[in-house]
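Side-chain atoms are counted along with the backbone in the values below, which use heavy atoms only and exclude waters and symmetry mates. Here, residue 1 is the first one in the sequence, and each next residue gets the next number. Treat the numbers as computed from the prediction; the structure is a model and nothing was measured.
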Amino acid sequence: MNRKFGTAVFMMVACAFGPMTAVAQEDSEAQGNIDITGSGETATHACTPESTVEITGASNTVTLTGECKSVTVNGTDNKVKVEATRAISITGSSNTVTWKRGHGKSKPKISRTGTDNKVTQEK
């Protein structure tokens, strides 16, 4: 069975039977993409300098280690800790993103859309 086909079938079945938990797609992660979808989940993922991370859902707690190319958060009440990234984009409400460092000596480019979204640098 083709692995991508099997993943697609799993995703369709999971969506048909209820909310999907926070899952990073293995095939995408190997290519540098980390997609996390869910509600009320806790997850930790290791980034590479080419990793693009997309977090979609509500009340998730996500820790990203290493250096990520970009981090996008869509939803409500997500809490994300990022070790390093070039860009942070937030859409939704009451999301919190804490970052340690940008790429090299630069701070990450930050974009916020929505209400009560917070982006802060960890001291």
Side-chain angles (χ1 to χ4, degrees):
M1 173 184 266
N2 181 323
R3 184 177 177 153
K4 288 187 183 233
F5 177 76
T7 301
V9 170
F10 170 75
M11 288 178 61
M12 286 189 291
V13 170
C15 289
F17 291 106
M20 190 155 61
T21 59
V23 174
Q25 298 300 317
E26 289 179 31
D27 291 340
S28 296
E29 200 166 338
Q31 297 170 358
N33 300 323
I34 301 172
D35 296 314
I36 302 164
T37 303
S39 179
E41 298 295 326
T42 299
T44 299
H45 295 279
C47 288
T48 66
E50 295 306 313
S51 295
T52 57
V53 180
E54 185 164 342
I55 300 161
T56 304
S59 302
N60 294 302
T61 301
V62 179
T63 301
L64 301 169
T65 61
E67 183 177 310
C68 308
K69 181 176 181 179
S70 65
V71 177
T72 302
V73 180
N74 302 300
T76 306
D77 293 320
N78 294 294
K79 292 174 181 48
V80 182
K81 284 188 167 188
V82 183
E83 185 174 335
T85 187
R86 296 178 193 177
I88 298 168
S89 175
I90 304 175
T91 303
S93 63
S94 302
N95 295 295
T96 302
V97 177
T98 305
W99 57 277
K100 277 189 177 179
R101 59 184 172 84
H103 176 69
K105 294 183 181 183
S106 301
K107 290 184 177 183
K109 179 181 176 184
I110 298 171
S111 169
R112 282 183 296 234
T113 304
T115 58
D116 297 322
N117 291 313
K118 296 180 176 104
V119 179
T120 56
Q121 183 175 11
E122 184 178 301
K123 306 257 180 211

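For residues 85-123, there are no disulfide bond (SG atoms under 2.5 Å apart) pairs, not counting sequence neighbours. Applying the salt bridge (charged side-chain N to carboxylate O under 4.0 Å, His left out) rule to pairs touching residues 113-123 yields nothing, sequence neighbours excluded.
In terms of modelled atom types and a separation under 3.5 Å, the side chain of Asn117 and the main chain of Gly92 share a donor-acceptor contact. Between the side chain of Gln121 and the backbone N or O of Trp99, no donor-acceptor pair lies under 3.5 Å.
Residues satisfying the side-chain hydrogen bond (donor to acceptor under 3.5 Å, both in side chains) criterion with Thr56, sequence neighbours excluded, are absent altogether. Applying the side-chain hydrogen bond (donor to acceptor under 3.5 Å, both in side chains) test to Thr98 and every residue at least two apart in sequence or in another chain returns nothing. Annotation: side chain to side chain contact (heavy atoms under 4.5 Å, CB included) contacts of Ser111 (sequence neighbours excluded): Ser89.
Note that OG1 of Thr91 is 12.0 Å distant from CZ of Arg112, once rounded to the nearest 0.5 Å. In this structure, Arg86 CZ and Ile88 CD1 are separated by 13.5 Å, a value rounded to the nearest 0.5 Å.
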May I have the list of side-chain donor-acceptor pairs in residues 64-83 shorter than 3.5 Å, sequence neighbours left out?
residue	atom	partner	partner atom	Å
Thr65	OG1	His45	O	3.4
Glu67	OE2	His103	ND1	2.7
Asn74	ND2	Glu54	OE2	3.3
Asn78	OD1	Asn60	N	3.1
Asn78	OD1	Asn60	ND2	3.2
Asn78	ND2	Gly57	O	2.9
Asn78	ND2	Asn95	OD1	3.1
Glu83	OE1	Gly66	N	2.9

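Looking at every heavy atom in both residues, Gly102 comes nearest to Pro108 through CA-CD, 3.8 Å.
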